[in-house]
Amino acid sequence: MDYTNEPDCKLPLALIVDMPELKENPFRNRIVESFSEDGMGNLSFNEFVDMFSVLSEMAPRELKAIYAFKIYDYNVDNYLCKEDLEKTLNKLTKEELTPEEVELVCEKAIEEADLDGDNKLSYTDFENMISRAPDFLSTFHIRI
Amino acid sequence: GEKEKLNMKQADMRGTKEKPETSEDGDDEEEVNNDGEVRPELLSPEELEKLKEAVDEKKKLIQSLRGKPWPMKQKLVTLRESQLFVEKYEGALGKGKGRKLYAYKVMMTKKWMKFQRDFENFKIACIPWEMKIKEIESHFGSSVASYFIFLRWMYGINMILFGLTFGLVMVPEALMGRAYGSIPRKTVPRAEEAGAMDFAVLWDFGGYAQYSVLFYGYYNNQRAIGWFKFRMPLSYFLVGVGTVAYSYMVVIRTMARNANESGIGDDNSFNFSWKMFTSWDYLIGNPETADNKFASITTSFKEAILEEQESRKDDNIHLTRFLRVLANFLVLCCLAGSGYLIYFVVRRSQKFALDGLENHSWWERNEVNMVMSLLGMFCPMLFDVISTLENYHPRVALQWQLGRIFALFLGNLYTFIIALMDAINLKRKEEKVVKYNITMWEATLYNGTGSENSTAPPITIHPADVPRGPCWETMVGQEFVRLIISDTMTTYITLLIGDFLRAVLVRFLNHCWCWDLEAGFPSYSEFDVSGNVLGLIFNQGMIWMGAFYAPCLPALNLLRLHVSMYLQCWAVMCCNVPQERVFKASGSNNFYMAMLLVILFLSTLPAIYTIVTIPPSFDCGPFSGKNRMFDVIQETLESDFPAWFSKVFSYASNPGLVLPFILLMVLAIYYLQSTSKSYKEANVELKKKLQMVIQRLDNF
């Protein structure tokens, strides 16, 4: 992979998620996928810079919220539906919760944040909920 | 880390076109495009206006491009288009109306923006300890790292304070003031000369250390020193006031910034959603910490689920209430006990001082500082044990704990100050006696060589032999310096024993011990974030209190913080384990700032009190001979400013003018607060309306 002569080359997903900053993150695959153009996780250099720029300390809150929404949207349908939430929860707890508990948590989360009553979270619902979270800026941050 | 930085630097050097920056990069080869297709002379004024607006719009787009969520390719294409557009028409716009000047202005603006950007990069590259903090963050999460970030911020403040005191107070006196040994206040008295160089005396800040620029007493009260007439007393006074003012400004600005960033929301309406989307700390890079984090997230979810499923039944509410009242009573007893102990010990040390310090052992001489440090170490543990009676939610319990430790430190500090005030009054009485003695002594000198009216040769007495007044300001400075040193020593020794020695013992004795030391009783210690932050805050409070009387304090503190940073970074990585219950760092951030502000206020009160009410010593310090320390301002106004200025000032300081002004400010604060409240409510209303509109659009 010769960057000098072919500036458009892309790094594969497997190589990027092996970085020390991303290795322990349960969402590493989704993070890399949401910044890649082809949706498969192969990043060109510009997209790589973009990823770390959004995750840095100085990115504005709105920008981070947009990308957080993309990351947690597993089936890429622009809504956070129940399956997306279940997958997120299972990644977070390494599947230690029972299925009933998972069900309860996802239902409660949708109940809290869903404003238009369609049983899934659109970007507006998500943004409304995350903009009030006191921890969002400090946890959604990777320092390089 | 390093690899990414290198890659970005390469991209920066190779082609600035690859970054979504402002329009100054890559433009230098095409300064002003003379052959645009549009001839501005042929355009009417309105069209010219429209063209100008379009150019401005493109410029705004370029500025805001970084914040847009578009994929990189789209951003780069838009950037190139906008840059080309701006280049083509911007130069052309200036045609006919001093085009050359316009082009020059444009070029200068671009160069200025480039310079600003390079300077920003340089400033960020200069931030110290970034890699250390990153390592700690990845191992311990953001709450432990927040202590080190706080330490670094304090270091920055102390750097500025050091710059002020060193550059404007210590250096001028050292370079331009009279040398050591020339006047009485700058010389070690004959009686102390023998031991002035001993290490024990120097460690106690007596001897040569006392009669140096480090303390108040050395400074001469000459109004202007050196060839460019540097006003030393004025500078001393203004630096004292300036350090406090600067600290207030910085703390309040940081609080305002923090308040802006954190959401204005209520805590419980999005409990599960926040747990799901904001509990993972993206900074974690270490497998052990990650495991801990997974476990704590799971536990937190299980707790929340349990709370959600069960109804709240508080069956033994009377017992709980009784226990809580009992706990508070015990805590109050502890606080009262510690306050009395300190007062008692300070009284004793005054008695020792009267007897002469040489007759007592090391412990008796340093009793006050040791007692204060030991109390600060053991009482919080006691509070921790008492709080198990109370059975609060952990976050509430932590806040109670912090509040109690805060009260403890505050009580101790103020008892110390009251005792110090007693010592000051004692010294002032002594001063009167010394003054009387000096007049007698001078009379005997002149009597010995004939009458005063004759042209007797001036008697030259060596400065070391002149009888000296007890300089209470230097004594205050010395007390604070000693307190800070003993506090530092105690912290470091507790660190080495409590953390390092414990870790060594647990690791090596584990093989030959009956129970598992690592999982069971001692185990490795966790890093106590709140205790350390409080220690830092109180340390800074003592600096603020004592800096007026000992200009060396900010320098000392800078050294201490520097060493602390390295020592604690090493200790945390080597001997501590990540916390089991991981606490949110964010909520506490403004809490710590608020405490810092309170401490700043409380520590400047004693200093201000002494400046305003107590007359300065007659023979030491830059204000000697004046009635009150702030008289130096009056003197400066009278002698250095034109006459009308002092008249204006005297009118302005009339109470009849000052009181209505204060009243006006209070009314302004009230008005601003009520408008801000109404803006917040309007904000909420608008958000609700926005949601309704979006719902209606979705329904179509």
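Each chain gets a letter, A, B and so on, in the order its sequence line appears, and its residues count up from 1.
For B:Lys275, the part sitting under 4.5 Å from any heavy atom of chain A is the backbone (N, CA, C, O) and nothing else. Of the atoms belonging to A:Lys91, it is backbone heavy atoms, and not side-chain ones, that fall under 4.5 Å from chain B. Heavy atoms of A:Met58 lying under 4.5 Å from chain B belong exclusively to its side chain. For a residue to count as touching a neighbouring chain, one of its non-hydrogen atoms must lie under 4.5 Å from one of that chain's; by this rule A:Phe126 touches chain B with the side chain only. Using a 4.5 Å cut-off between heavy atoms, A:Ala113 touches chain B through backbone and side chain atoms alike. If you measure heavy-atom distances from A:Leu104 to chain B, the contacts under 4.5 Å come from the side chain alone. Using a 4.5 Å cut-off between heavy atoms, A:Glu96 touches chain B through backbone and side chain atoms alike. When heavy atoms are compared at a cutoff of 4.5 Å, B:Phe294 approaches chain A by way of both its backbone and its side chain.
Counting only heavy atoms from C-beta outward, the side chains of B:Asp291 and A:Lys94 approach each other to under 4.5 Å. A:Asn46 is not listed as a side-chain neighbour of B:Lys73, based on a closest heavy-atom distance of 4.5 Å or more.
Contacts with chain B were tallied for A:Lys108, A:Glu111, A:Glu62; A:Lys108 has the most, counting heavy-atom pairs under 4.5 Å. The residue among B:Ser279, B:Gly285, B:Pro71 with the most heavy atom pairs within less than 4.5 Å of chain A is B:Gly285. Contact count against chain B (heavy-atom pairs under 4.5 Å) is highest for A:Glu101 among A:Arg28, A:Lys70, A:Glu101, A:Lys23. Contact count versus chain B (heavy atoms, under 4.5 Å) is highest, among A:Ser122, A:Ala59, A:Ala68, A:Ala109, for A:Ala109. Contact tally against chain B (heavy-atom pairs below 4.5 Å) for A:Ile66, A:Asn25, A:Ile110: the top residue is A:Asn25. Of the listed residues (A:Leu92, A:Ile130, A:Thr93), the one with the most heavy-atom contacts under 4.5 Å to chain B is A:Leu92. When each of A:Ile31, A:Val105, A:Leu55 is checked for heavy-atom pairs under 4.5 Å with chain B, A:Val105 comes out on top.
For B:Met573, the CE atom is densely surrounded, since the number of other residues' heavy atoms within 6.0 Å is greater than 12. Environment of CD in B:Glu288: sparse, with no more than 12 heavy atoms of neighbouring residues, nucleotides or ligands closer than 6.0 Å.
Of all residues spanning residues 77-89 of chain A, those with a heavy atom less than 4.5 Å away from chain B's heavy atoms are A:Leu80, A:Leu85, A:Thr88, A:Leu89, arranged by number.
A distance-only check finds a donor-acceptor pair linking the side chain of A:Glu112 to the backbone of B:Phe272 [under 3.5 Å]. In this structure a side-chain-to-backbone donor-acceptor pair under 3.5 Å is present from B:Trp274 to A:Met129.
For A:Arg143 against B:Ile149, the heavy-atom pair with the smallest separation is NH2-CD1, 3.9 Å. In plain terms, the two heavy atoms of A:Tyr67 and B:Pro69 that are nearest each other are OH-O, 3.4 Å. Scanning both residues, B:Thr278 and A:Ala133, for their nearest heavy atoms gives CG2-CB, 4.1 Å.
Atom CH2 of B:Trp280 sits about 11.0 Å away from atom OG1 of A:Thr139, to the nearest 0.5 Å. How far CE of B:Met72 is from CZ of A:Phe48: 12.0 Å, rounded to the nearest 0.5 Å.
Ring orientation note: the planes of A:Tyr72 and B:Phe277 are tilted relative to one another, at an angle of 30° to 60°.
The side chain to side chain donor-acceptor pair (under 3.5 Å) search around B:Arg152 returns B:Glu130, not counting sequence neighbours.
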Go through it in stages, so that I can follow the logic: the residues are B:Asn286 and A:Glu24, the test is side chain to side chain contact (heavy atoms under 4.5 Å, CB included), and I'd like the CA-CA distance, side-chain angles, deciding distance and then a yes or no. CA-CA 7 Å; B:Asn286 172 294; A:Glu24 299 297 329; 5.8 Å; no
